[in-house]
Amino acid sequence: MQAQDEGEKEDIEVEMKRRREMEKGTEILRYAIEELSLIVKLKPGDNHAASAAAPHIPTKPFLYVCNLVIQVLDKLGPTMAVLRQDIHQNVQKLEIVHESDPLLNSNLVEILKKEASEGNARKATSCSRAFLWLTRSMDFTLALLQELTKDPEQRMEQAVEESYNNTLKPWHGWISSAAFKVALKLVPDRKTFTYTLMGKDGNNESLKEEIQTLISLFLPLLEEIHFILRVYGLDRLKST
């Protein structure tokens with residue numbers, strides 16, 4: 001009993017530490033890079049063939065990275081409030097399922113597999129859909145960071161709009177697309193966004209290097225997830 005209490009106490013301390021880390025805006029990208037590096041080390045395969053044979057997307061580390069990404073979107077102010085809330089709800093849904101059976105659901109693919117076998121994967125409230133939209137939200141954020149490293153003269157509004165058009169827009173209905181156009185008017189200028197992301201002690205060059213490192217780690221993982229979503233017939237689903 002005492003060992004169990006100590007284990008629970010340790011879990012709480014770890015969770016509190018992570019939350020404190022997430023509150024340090026200047027460290028967001030660094031923490032995401034560290035977590036993604038661990039995911040890469042822990043994964044059993046590094047190609048689509050391996051993924052098809054024994055697909056594995058570690059639930060807790062992936063959701064932790066998604067929570068960090070929410071912090072990046074916060075730097076865009078109220079513009080991304082709806083998307084931020086959507087990410088948060090999808091993360092919560094998957095966290096609840098993970099906690100219901102941490103061992104079985106330590107792999108997100110097992111959650112997809114279970115819902116597919118039950119015929120629930122395509123339902124609006126399914127964890128499979130939550131995972132799908134979470135992945136698309138990560139696509140958007142990564143695309144935005146890529147845009148910011150490509151052209152230092154590009155306006156923030158243009159970078160956000162182009163990223164949205166290439167990732168989320170094809171899957172959104174007209175209501176969501178219209179809402180995004182309204183939100184786009186509230187995007188901060190590029191200098192403000194960059195400053196809040198890197199902090200007063202950072203510099204543009206180090207920020208660019210961190211973004212490029214993050215992309216190099218995150219992009220292959222997202223590509224693998226899209227491959228898995230195609231296997232389960234989820235990749236073409238649109239918003240309901």
Side-chain angles (χ1 to χ4, degrees), residues 15 17-40 57-95 98 108 127 129-149 156 159-169 171-172 176 180 183-184 187-188 190 192-199 202 207-226 228-229:
E15 183 62 24
K17 181 182 177 182
R18 281 191 165 188
R19 290 189 182 278
R20 286 196 298 270
E21 290 173 348
M22 288 168 60
E23 290 171 0
K24 300 175 183 177
T26 59
E27 303 294 328
I28 293 171
L29 296 179
R30 201 164 304 158
Y31 289 129
I33 288 169
E34 290 175 2
E35 195 72 20
L36 286 165
S37 297
L38 287 174
I39 292 175
V40 171
I57 306 297
T59 304
K60 204 163 185 178
F62 179 75
L63 296 181
Y64 176 52
V65 172
C66 292
N67 272 322
L68 287 171
V69 167
I70 291 178
Q71 310 303 305
V72 175
L73 295 178
D74 277 344
K75 308 305 178 186
L76 289 170
T79 303
M80 294 293 113
V82 174
L83 180 59
R84 185 195 186 287
Q85 181 63 19
D86 186 56
I87 294 173
H88 179 66
Q89 289 175 347
N90 289 329
V91 167
Q92 277 193 321
K93 183 178 292 186
L94 290 165
E95 282 179 338
H98 171 263
L108 278 163
C127 286
R129 274 189 180 266
F131 185 35
L132 170 66
W133 282 103
L134 201 51
T135 302
R136 288 172 176 171
S137 298
M138 297 303 104
D139 290 338
F140 165 77
T141 308
L142 210 61
L144 175 59
L145 292 174
Q146 283 179 308
E147 285 294 324
L148 294 176
T149 59
M156 194 67 196
V160 173
E161 184 173 21
E162 191 161 333
S163 302
Y164 174 77
N165 289 342
N166 291 332
T167 56
L168 292 171
K169 187 176 180 179
W171 314 111
H172 275 171
S176 297
F180 178 83
L184 197 59
V187 172
R190 184 180 179 125
T192 300
F193 175 75
T194 302
Y195 180 79
T196 56
L197 192 59
M198 71 181 178
L207 176 62
K208 184 177 179 180
E209 288 177 4
E210 287 186 342
I211 289 175
Q212 289 173 336
T213 301
L214 178 70
I215 290 170
S216 68
L217 291 168
F218 208 1
L219 192 58
L221 178 62
L222 290 176
E223 288 175 348
E224 180 181 353
I225 291 172
H226 280 293
I228 293 167
L229 290 169

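- Between the side chain of T79 and the main chain of L184, no donor-acceptor pair closer than 3.5 Å is present.
- Between L214 and the choices T141, L29, I28, L68, the side chain to side chain contact (heavy atoms under 4.5 Å, CB included) rule is met once, by L29.
- The distance from the CD1 atom of I33 to the CD atom of Q212 is 10.5 Å, given to the nearest 0.5 Å.
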>> Run the side chain to side chain contact (heavy atoms under 4.5 Å, CB included) test on L221 and I57 for me, step by step, so that the C-alpha distance in whole Å, both residues' side-chain angles and the decisive distance to 0.1 Å come before the verdict.
In response: CA-CA 8 Å; L221 178 62; I57 306 297; 3.9 Å; yes

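- Checked options E210, E209, E35; the residue passing with R30 is E210 (criterion: salt bridge (charged side-chain N to carboxylate O under 4.0 Å, His left out)).
- At a threshold of 4.5 Å between non-hydrogen side-chain atoms, the residues M156 and V160 count as touching.
- Taking the side chain as every heavy atom from C-beta outward, L134 and F62 approach each other to under 4.5 Å.
- By the ring pair (Phe, Tyr, Trp, His ring centres under 6.0 Å) test, F218 pairs with no residue at all, sequence neighbours left out.
- Interatomic distance, N90 CG to R129 CZ, rounded to the nearest 0.5 Å: 11.0 Å.
- Take H226 and apply the ring pair (Phe, Tyr, Trp, His ring centres under 6.0 Å) test, not counting sequence neighbours, and it matches no residue.
- Under the side-chain contact (heavy atoms from CB on, under 4.5 Å) criterion, S176 pairs with H172, not counting sequence neighbours.
- Contact check for L108 versus I228: no side-chain heavy atoms found under the 4.5 Å cut-off.
- For E161, there are no salt bridge (charged side-chain N to carboxylate O under 4.0 Å, His left out) partners two or more places apart in sequence or in a different chain.
- With rounding to the nearest 0.5 Å, the separation of CG in L217 from CD in E34 is 11.0 Å.
- Nearest heavy-atom pair, L145 versus I215, reported as atom, atom and distance to 0.1 Å: C-CD1, 4.4 Å.
- Between S137 atom OG and M80 atom CE the span is 10.5 Å, to the nearest 0.5 Å.
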> Do L168 and F180 pass the side chain to side chain contact (heavy atoms under 4.5 Å, CB included) test, and can you show the C-alpha distance, the side-chain angles, and the key distance before you say yes or no?
Replying inline: CA-CA 10 Å; L168 292 171; F180 178 83; over 6 Å; no

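- For the atom pair CG (L76) and OG1 (T196), the distance works out to 8.0 Å, reported to the nearest 0.5 Å.
- In this structure S163 satisfies the side-chain contact (heavy atoms from CB on, under 4.5 Å) test together with F140, A143, L144, E147, sequence neighbours excluded.
- Side-chain atoms of D86 never come within 3.5 Å of backbone atoms of V82 as a donor-acceptor pair (strictly under, hydrogens ignored).
- In this structure, OH on Y64 lies 9.0 Å from CG on N67, to the nearest 0.5 angstrom.
- Every residue meeting the salt bridge (charged side-chain N to carboxylate O under 4.0 Å, His left out) condition with R84, not counting sequence neighbours, appears here in chain and number order: D74.
- Residues passing the side chain to side chain donor-acceptor pair (under 3.5 Å) test with T192, sequence neighbours excluded: D189.
- By the side-chain contact (heavy atoms from CB on, under 4.5 Å) test, L132 is found to be paired with R136, L229, L237, residues two or more places apart in sequence or in another chain being considered.
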